[in-house]
Amino acid sequence: MLKKFFKKVDNLLKNNQFNKNQVTSTAAPINTALQLAQEHINSHALEIVTKLQKAGFEAYLVGGCIRDLLLGIPPKDFDVATSATPEQIKKLFRNSRIIGRRFKLVHVFWGKETIEVATFRGAHTSPNTAEHAQHASGRILRDNVFGTLSEDAYRRDFTINALYYNPNQKQLIDYVDGIEDINSKLIKLIGNPQKRYQEDPVRMLRAVRFAAKLNFTIEAETAAQIYEQAQLLADIPAARLFDEVLKLFLANNALKTFELLCQYNLFAKLFPDSAAILQQSPYTQLFLKQALLNTDQRLTAGKTVHPAFLYACLLWPVLLSKLAAPITESPPNIIELQHIANDVIAQQSKYTTIPKRFSIPMREIWECQVKLMRRQANKADILLNHPRFRAGYDFLLLRESVGEQTGQLAAWWANYQQTDELSRRKMIREIATSKKNYRQRRRGKPKFIRSNNTPNNE
Ligand code: ATP
Ligand code: MG
């Protein structure tokens, strides 16, 4: 079917049946030396480009898909840039929707797949208008001024993200020496880094994300300005930062990304409470790094990582710091834990919102840490049937993997899950007996108070 389609496109090209009105940027710097393997190009993205071109518009594949294809990496998604306005795009594709206010573009849907189609952005010099608005700090609030292909290239973030490909004419267009920077493995902002970060501070997070993903270096001035401008992230809506956090940590480079975020003082802008504890607690360093390593390993193995689990990990040190005593020594009751968890979540939501569909299971994973300790009577069986049991148990395994002493709780649960009903009853009876003995042993012993709640393996 794909073959048939390419044949049709080839014939159209041979017979020059593409719309004669199509405007091609005459002075576009075309690189003819590089070719992209046609078979790696998403057929739906190709169809969209072809349809737009046939309708008389300029259209190109652009951004990460071209960068990744040149690097031999399978693209995460395919983006299209065109001279057609969002309304014109919408008219051409029935299965599409105009999205965004700040930056209007069109999502074209194909089953589960979504291709982002954006109109060329133009340069803007005039003060705030209906199409364009900028905050006094330089942050772009609205960017719907449309322009030409070359203007669009200079509005993109990094040189490596500003490459355009016309799959029908097999032309790669590079206004900003992006190919050179791909070869030099360099993340470089287009234009003045200070101004470009002021326009959109999220570009700092993107620089780090691409450096981790591609194993590239951030160019000197692009890097230096991150230290200068990091505080601007405070002005970004918390909902947008939540999306960025998921992109940062759920793309199979979580550990590397985390290390770079810490290096550039950006982690503290996203998770200030966790970052503060990180400075003082080697356990927290160990715990977070192991959590992120596990995240990468799960994704490599084709498994999923729920954002709730990720957030439960990132904020676990904060929760521990707010407990009256170390959790393994004196676990709080569930109501108490819920109050503390709600506080931690509310505080974090000022920086990155956590939608309820994630904050509820996240809190349940934390609650499980206490419930996994309470196994008397029928409590173990109730917990075993809880929808969050598996995640809670995995979380416990993670805690133990960094040396936290839980009295081999995970091994007990592994055993309990595997064994038969009779043995389970025996295991529960043994807990009751050992608890009784423990209480008797402790009676008369002086109480001691620990000032520090981080686990006892430090
Ligand atoms: P990936 O999809 O692999 O994460 P990408 O580079 O395709 O990487 P997207 O978020 O899909 O990233 O954006 C597509 C393109 O849009 C980018 O390559 C870049 O050209 C442009 N772009 C995205 N975000 C910004 C931004 N904040 N400022 C300027 N240009 C941007
Ligand atoms: Mg993309």
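Numbers here simply count residues along the sequence, with the first being 1. Since this is a predicted model, take the numbers as computed values, not measurements. The analysis underlying the following values was restricted to heavy atoms, covering all of them including side chains, and did not include hydrogens, waters or symmetry mates. Note that ligands are numbered from 1 as they come in the structure, with each ligand's atoms numbered from 1 the same way.
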Original post:
Can you tell me the N, O or S atom of Asp79 that's nearest the Mg ion (ligand 2)?
Top reply: OD2
Original post:
What protein heavy atom sits nearest atom 29 (C) of ligand 1, and how far away is it?
Top reply: Asp157 N, 3.3 Å
**OP:** Just jot down the ligand 1 atoms closer than 4.0 angstrom to any heavy atom of Gly63, in number order.
**Re:** 18 (O)
**OP:** Could you point out which residue of Arg155, Arg156, Arg139 forms a salt bridge (charged side-chain N to carboxylate O under 4.0 Å, His left out) with Glu199?
**Re:** Arg155
**OP:** Identify, by atom number and element, the atoms of ligand 1 in contact range of Asp79, meaning under 4.0 Å from any of its heavy atoms.
**Re:** 7 (O), 11 (O), 14 (C)
Subject >> Under 3.5 Å: N/O of Gly64 near N/O of ligand 1 >> reply: yes
Original post:
Taking heavy atoms and a distance under 4.0 Å, where does Lys76 meet ligand 1: side chain, backbone, both or neither?
Top reply: side chain
**OP:** Dump the intermediate steps for salt bridge (charged side-chain N to carboxylate O under 4.0 Å, His left out) on Lys247 and Glu244, then the final yes or no.
**Re:** CA-CA 5 Å; Lys247 287 186 204 164; Glu244 290 302 321; 3.4 Å; yes
**OP:** Measure up the Tyr393 and Phe389 rings against each other and bin them: parallel (under 30°), tilted (30 to 60°), perpendicular (over 60°).
**Re:** parallel
Original post:
So Trp316 and Phe287, would you call those rings parallel, tilted or perpendicular, with 30° and 60° as cut-offs?
Top reply: tilted
Original post:
Hey, does the Lys NZ or Arg CZ of Arg121 hover above the aromatic six-ring of Phe103, less than 6.0 Å from the centre and inside 45° of the axis?
Top reply: yes
**OP:** Give the contacting part of Val202 toward ligand 1: side chain, backbone, both or neither, where contact means a heavy-atom distance below 4.0 Å.
**Re:** neither
**OP:** Give yes if a backbone or side-chain nitrogen or oxygen of Arg196 is under 3.5 Å from a nitrogen or oxygen of ligand 1, and no if not.
**Re:** no
Subject >> Ligand-side contact atoms (ligand 1) for residue partner Lys213, heavy atom cut-off under 4.0 Å >> reply: 3 (O)
Subject >> Which segment of Glu116 sits under 4.0 Å of ligand 1 when only heavy atoms are counted >> reply: neither
Subject >> Short N or O distance, Lys247 and ligand 1, threshold 3.5 Å exclusive >> reply: no
Subject >> Whether Asp181 side chain and Thr159 backbone form a donor-acceptor pair below 3.5 Å >> reply: no
Subject >> Main-chain N/O of Leu186 paired to Ser184 side chain as donor or acceptor, under 3.5 Å >> reply: no
Original post:
Step by step, would you call Asp77 with Cys65 a side chain to side chain contact (heavy atoms under 4.5 Å, CB included)?
Top reply: CA-CA 6 Å; Asp77 49 34; Cys65 61; 5.8 Å; no
Subject >> Residue Arg156 vicinity, atoms of ligand 1 by number, heavy atom under 4.0 Å >> reply: 15 (C), 16 (O), 19 (C), 20 (O), 21 (C), 29 (C), 30 (N)
**OP:** For Arg209, take its heavy atoms, then give the atoms of ligand 1 lying under 4.0 Å from any of them.
**Re:** 4 (O)
Original post:
Counting each atom of ligand 1 from 1 as listed, which ones have a heavy atom of Arg155 under 4.0 Å away?
Top reply: 29 (C)
Original post:
Does any N or O in the side chain of Tyr164 come within less than 3.5 Å of the main-chain N or O of Tyr175, such that one atom is a donor and the other an acceptor?
Top reply: no
Subject >> Side chain to side chain, Asp394 and Arg298, heavy atoms closer than 4.5 Å >> reply: yes
Original post:
Passes salt bridge (charged side-chain N to carboxylate O under 4.0 Å, His left out), Arg206 versus Asp157? Steps please.
Top reply: CA-CA 9 Å; Arg206 290 174 61 84; Asp157 49 5; 2.7 Å; yes
Subject >> Side-chain heavy atoms of His107 within contact of Glu116, under 4.5 Å >> reply: yes
Original post:
Given that the side chain starts at C-beta and the backbone is N, CA, C, O, which of these parts of Phe210 lies under 4.0 Å from ligand 1, counting heavy atoms, or is it both or neither?
Top reply: side chain
**OP:** Using a 4.0 Å heavy-atom cut-off, say whether Asn161 meets ligand 1 through its side chain, its backbone, both or neither.
**Re:** both
Original post:
To which protein heavy atom is atom 2 (O) of ligand 1 closest, and what is the distance rounded to 0.1 Å?
Top reply: Asp77 OD1, 3.1 Å
Original post:
For the residue pair Phe271 and Tyr311, does the interplanar ring angle fall in the parallel (under 30°), tilted (30 to 60°) or perpendicular (over 60°) class?
Top reply: tilted
**OP:** May I ask you to list the atoms of ligand 1 that are less than 4.0 angstrom from any heavy atom of Asp200?
**Re:** 26 (C), 27 (N)
**OP:** Measure the distance from atom 28 (N) of ligand 1 to every protein heavy atom, then report the residue, atom name and distance (to 0.1 Å) of the closest one.
**Re:** Arg203 NE, 2.8 Å
Original post:
Which N/O/S atom belongs to Asp77 and is the closest one to the Mg ion (ligand 2)?
Top reply: OD1
Original post:
What residue and atom, counting heavy atoms only, is the protein's closest point to atom 23 (C) of ligand 1, and at what distance?
Top reply: Arg206 NH2, 3.1 Å
Subject >> Protein contact to atom 6 (O) of ligand 1 [nearest heavy atom, distance to 0.1 Å] >> reply: Arg67 NH1, 2.9 Å
